[in-house]
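Per chain, numbering begins at 1; letters A, B, ... match sequence-line order.
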Protein chains: 2
Amino acid sequence: MSETQNDTFVTGYLLYLLAASSEQASAQFHDHVRARGLRVPEWRVLACLVDNDGMMITRLARLSLMEQSRMTRIVDQMDARGLVSRVADSNDKRRVRVRLTAEGRDLAEALVKDARRHETRLLSALADTDAARIKGVLRTLLDVLDRPDAT
Amino acid sequence: MSETQNDTFVTGYLLYLLAASSEQASAQFHDHVRARGLRVPEWRVLACLVDNDGMMITRLARLSLMEQSRMTRIVDQMDARGLVSRVADSNDKRRVRVRLTAEGRDLAEALVKDARRHETRLLSALADTDAARIKGVLRTLLDVLDRPDAT
DNA sequence: TCGATTTATATGATTTTTCATATTTTCAGC
DNA sequence: GCTGAAAATATGAAAAATCATATAAATCGA
């Protein structure tokens with residue numbers, strides 16, 4: 001007798017599929033990140049800063065999918081550790097610009113390289129049609145969610 | 001001058017797209033869940049149990065995407081609150097079967113109904129082709145991730 | 001059938017994350 | 001140039017989540 005019975009709802013529910021695939025797809029790479037001595041939120045910060053160094057805390061938080069107060073502390077710790085430094089914005093004194101240090105940049109670039117490799121492997125495990133579609137579909141979903149309706 | 005500059009990596013990275021779309025797609029419904037007086041993990045437990053009442057803690061944890069020790073405590077609290085009850089498994093005394101109470105079932109069924117409505121709205125905001133593809137693509141990804149290779 | 005291993009759950013201690021709110025600076029309208 | 005609102009960041013206290021490990025029951029092999 002199979003233990004798995006009629007999984008009528010959860011298993012086919014869009015939000016479950018999204019959460020589960022995000023979770024599982026990330027698990028492997030997140031292990032790698034931790035093996036490199038970083039926590040996942042720190043890796044996210046580094047990745048954002050490689051794209052666009054000197055982001056302010058708020059924007060970094062939005063992009064890294066975390067709360068502002070949390071980002072403040074993450075940046076504190078990364079600063080203390082020498083991966084980033086806080087720079088006052090001359091135009092707007094409220095803002096804190098976060099910049100990669102040389103060490104931070106090296107680590108960030110190495111990890112981005114690893115991430116790209118990992119992504120390639122992941123995509124190549126999918127059938128061509130799925131691999132070709134997945135990012136487009138997700139981007140569309142994100143676009144729709146940005147528009148203030150969709151509930 | 002646009003604040004958004006050359007987002008070369010993060011914005012197009014599969015794991016980011018997955019995390020961000022999961023996060024954002026869920027945000028609205030999770031607010032609804034909290035408005036109904038539940039935390040997200042509790043909602044997940046209820047949803048699992050509607051599909052398959054009497055699941056054991058370990059399986060519930062896997063399906064709800066959380067750790068076992070955490071699930072033990074969530075079930076404690078839901079039990080204390082009268083939403084579920086713990087039932088000893090007669091065949092295997094290590095196991096704890098978690099069953100919905102009448103109250104738990106009512107709440108669970110109401111929320112599943114809400115979730116279905118929300119999902120429908122979400123899908124209808126996508127173009128037909130995307131709506132038709134998204135679940136399939138995610139399921140494929142999950143399948144691939146289950147197979148022990150794909151790194 | 002004994003002992004070693006694995007599986008299922010529980011729990012104390014710690015770390016992470018959130019929540020509410022304070023502080024500082026900018027901005028908008030008058 | 002004031003005044004009130006909004007934006008950016010920080011921080012204490014609380015809640016949630018993780019980690020390591022304990023306990024207990026089942027299973028597998030010699």
Enumerate donor-acceptor pairs with a distance under 3.5 Å from any side-chain N or O in residues 40-47 of chain B to protein atoms, sequence neighbours excluded.
unit_1: E42(B); atom_1: OE1; unit_2: R39(B); atom_2: N; d: 2.9
unit_1: E42(B); atom_1: OE2; unit_2: R39(B); atom_2: NH2; d: 3.1

query = When the distance from CG of L65(B) to C1' of dT18(D) is rounded to whole Å, what number comes out?
reply = 16 Å
message = Just the rounded figure in Å: distance from P of dT18(C) to CE of M71(A).
response = 11 Å
d(CG, L38(A); P, dT16(C)) in whole Å = 13 Å
Pairs meeting criterion side-chain hydrogen bond (donor to acceptor under 3.5 Å, both in side chains) with involvement of residues 100-116 of chain B, two or more places apart = H32(B)-D114(B), D53(B)-R105(B), R105(B)-E109(B), D114(B)-R117(B)
query = If you find the nucleotide of DNA chain D closest to K93(B) and the one closest to T72(A), which residue's nucleotide is nearer the 5' end?
reply = T72(A)
key: For R94(A), salt bridge (Lys or Arg N to Asp or Glu O under 4.0 Å) partners two or more places apart   = D92(A)
inquiry  = Under the ring-ring contact (aromatic ring centres under 6.0 Å, His included) definition, can you give me all pairs with a residue in residues 48-87 of chain B, not counting sequence neighbours?
reply    = none
query = Listed by chain and number, what are the side-chain hydrogen bond (donor to acceptor under 3.5 Å, both in side chains) partners of R34(B), not counting sequence neighbours?
reply = D31(B)
key: Residue closer to the 5' end of DNA chain C, R34(B) versus R86(B) (nearest nucleotide)   = R86(B)
task = For E23(B) and dT18(C), give me the distance from atom CD to atom C1', rounded to whole Å.
result = 13 Å
request  = Would you mind telling me which of dA10(D), dT18(D), dT9(C) lies closest to the side-chain atoms of E67(B)?
outcome  = dT18(D)
note = Sorted by number, residues from residues 75-83 of chain B placing a heavy atom under 4.0 Å from DNA chain C are none
ask   = At what distance, to the nearest 0.5 angstrom, does CG of D79(B) lie from CG of L83(B)?
value = 9.0 Å
Ignoring hydrogens and angles, write down the donor-acceptor pairs under 3.5 Å from the side chains of residues 134-145 of chain B, residues two or more places apart or on other chains.
unit_1: K135(B); atom_1: NZ; unit_2: G12(A); atom_2: O; d: 2.7
unit_1: K135(B); atom_1: NZ; unit_2: E119(B); atom_2: OE2; d: 2.9
unit_1: T140(B); atom_1: OG1; unit_2: G136(B); atom_2: O; d: 2.8

ask   = Quick one: side-chain hydrogen bond (donor to acceptor under 3.5 Å, both in side chains) pairs with a partner in residues 13-27 of chain B, sequence neighbours left out?
value = none
request  = Using a heavy-atom cut-off of under 4.0 Å over every strand shown, decide if N91(A) touches base, sugar-phosphate, or nothing.
outcome  = sugar-phosphate
Between the protein and nucleotides 13-15 of chain C, list every N/O to N/O distance that falls short of 3.5 Å.
none

ask   = Rounded to the nearest Å, what distance is computed from the CG atom of residue L60(A) to the P atom of nucleotide dA8(D)?
value = 13 Å
key: Heavy-atom closest contact (V84(B) atom, L49(B) atom, distance)   = CG1-CD1, 3.8 Å
Can you pull every protein N or O that's under 3.5 Å from an N or O on nucleotides 2-8 of chain C?
unit_1: dT7(C); atom_1: O2; unit_2: R94(B); atom_2: NH1; d: 2.5

query = Which pairs count as ring-ring contact (aromatic ring centres under 6.0 Å, His included) when at least one residue sits in residues 67-92 of chain B, sequence neighbours excluded?
reply = none
message = Per the ring-ring contact (aromatic ring centres under 6.0 Å, His included) rule, what does the pair list look like for residues 70-96 of chain A, sequence neighbours excluded?
response = none
query = Separation of R59(A) atom CZ from dT9(D) atom P, in whole Å?
reply = 12 Å
